[in-house]
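Within every chain, numbering begins at 1; the chains are lettered A, B, ... in the order of the sequence lines, protein sequences first and strands thereafter.
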Protein chains: 2
Amino acid sequence: MVLPRAAKTQRRTRIQEEKEEQILEAALEVFSANGFRGSTIDQIAEVAGMSKPNLLYYFRTKEAMHRALIDRVLDTWLDPLRELDAEGNPVAEIRSYIRRKLEMAREFPRESRLFANEILQGAPHIEDELKGPLKQLVDEKAEVIRAWAKAGKIAKCDPYHLIFAIWSTTQHYADFDVQVRAVLGQENAGDGRFEDAARFLERLFVDGLQVRE
Amino acid sequence: MVLPRAAKTQRRTRIQEEKEEQILEAALEVFSANGFRGSTIDQIAEVAGMSKPNLLYYFRTKEAMHRALIDRVLDTWLDPLRELDAEGNPVAEIRSYIRRKLEMAREFPRESRLFANEILQGAPHIEDELKGPLKQLVDEKAEVIRAWAKAGKIAKCDPYHLIFAIWSTTQHYADFDVQVRAVLGQENAGDGRFEDAARFLERLFVDGLQVRE
DNA sequence: TGTAATGTTTACCAACCGGTCAAATTATCA
DNA sequence: TGATAATTTGACCGGTTGGTAAACATTACA
């Protein structure tokens, strides 16, 4: 066979396994930093430590690479929301959702930026995922939150916008990291900002700014 | 004279005025949608309705165009924060800051995305602005907020992270608009989401989620 | 071990991209 | 009006980019 691309073979070779792993790791590095159009196959090939044609042997096109990467990362990315438990204590559930999301922003900033880049530019490659699996999951969890509010366990509020607020505040520390660091100054160079953010966000979402006794 | 670029002439021509305006408008459209690397001079020229060499007669390079655009937009972009008044009522001041920022996200989503794209990709062109004027302004306003907290006018909280939270939650509706619309579904296609967001954010920042009587 | 399948490399291509140049056209104003 | 400055255009250039072709090298396995 001349072109037994991974997709066409029955079982994947050890080499295929390894190389595709290398490539996707490199692709994550490059795509998350430059966006789709801003990234070149040559860049990715260099980071992956292989020649461009070699890389193109495993993924026929730049788009295919990007797609494979998205597919691989999206599931993990949504895990924190999936864990939101309807049976748990509402305030505690939301608190730990925030904590998990912030943890993701710290541990997987590249994944966060990958999606941020994509969505910022109109989500040309992941529109289906947004309108399908993502919307479904959010609809489901929004219903959970709505029920909590209805039962008086948390304040009445729009569950969708609550989720948006949690997404935006937490992902901000990954996506806008340069700005956060620039504003905080190099004194706070370490990971301390994540702990401060955690404290602040917990306080914000649970108590708000109103003074209370 | 062969190349009487705008910068070198003493007085700017009517034509210069008009064309530069057209170009920056087109540049905003294109850069905000595709990022710097993802945009091409041809695209901008087409949107501006002129030929590429003609455009390059007014801005010698792509970078020069981008810079002129940033310079022009940054000031407006920071206006809402500048208006935060140390003498005003703290909770009301923060509330109207949120409202102004959300208003900006609705009215000037392209400006928001322009910065988002830039910062996401490491702010290669606006590092100085972030560490200089931006940091200075934030430092100043953070001090105001800190004083409010100290005086017991608002809950004690990290003022920097409060500002980040306001930025992220409001700009989210501009930068991640596709996602917001995908999740909310086309039923909520109109601008209603901005009003819902305003209500939610006001509630969130002022009261938090805790149930209170 | 031999051979077929798999993997890698070199050389290459056409389209695109940022930018230049010189000639042509249009506006300005003495 | 005429000359000078300002503006616009088409043709072009060198470098980059996504992707291909085919020869070459390696691996797996009967």
Query - Length of the NZ-C1' vector between A:Lys62 and D:dT17, whole Å - result: 8 Å
Report task. Could you walk me through whether A:Ile145 and A:Ile163 pass side chain to side chain contact (heavy atoms under 4.5 Å, CB included), step by step? Result -> CA-CA 9 Å; A:Ile145 294 171; A:Ile163 291 172; 4.0 Å; yes
Query - Rounded distance (Å) that lies between atom C1' of C:dA27 and atom CD of B:Glu18 - result: 12 Å
Report task. Verify the contact: side-chain N or O of A:Gln16 to OP1 or OP2 of C:dT6, cut-off strictly under 4.0 Å; return yes or no. Result -> no
Report task. Would you kindly give the CD1-to-C1' distance between B:Ile44 and C:dG19, to the nearest whole Å? Result -> 14 Å
Report summary line: By side-chain contact (heavy atoms from CB on, under 4.5 Å), B:Met50 pairs with (sequence neighbours left out) B:Lys19, B:Gln22, B:Ile23, B:Ala48, B:Asn54, B:Leu55
Query - Worked verdict on A:Lys131 versus A:Glu127 for salt bridge (Lys or Arg N to Asp or Glu O under 4.0 Å) - result: CA-CA 6 Å; A:Lys131 293 185 175 169; A:Glu127 222 199 328; 2.9 Å; yes
Requested in this report: Rounded to the nearest angstrom, tell me the gap between atom CG in B:Asp42 and atom P in D:dC12.
Outcome: 17 Å
Report summary line: B:Gln22 CD to D:dT7 P, in whole Å, measures 13 Å
Query raised in the report: Which residues pass the side-chain hydrogen bond (donor to acceptor under 3.5 Å, both in side chains) test with B:Arg72, sequence neighbours left out?
Result: B:Glu21
Query - For atom CD1 of A:Ile41 and atom P of D:dG18, their distance in whole Å - result: 5 Å
Query raised in the report: In this structure, which one of B:Phe115, B:Phe31, B:Phe36 forms a ring pair (Phe, Tyr, Trp, His ring centres under 6.0 Å) with B:His125?
Result: B:Phe36
Query raised in the report: Taking everything shown except B:Glu103 itself, do over 12 heavy atoms lie less than 6.0 Å from its CD?
Result: yes
Query - Base versus backbone protein contacts along nucleotides 9-16 of chain C [heavy-atom cut-off under 4.0 Å; B, S, -] - result: BBB-----
Query raised in the report: Between atom CG in B:Leu56 and atom P in C:dC21, what is the gap in whole Å?
Result: 12 Å
Query raised in the report: Please give, in whole Å, the distance from C:dT20 P to B:Arg60 CZ?
Result: 9 Å
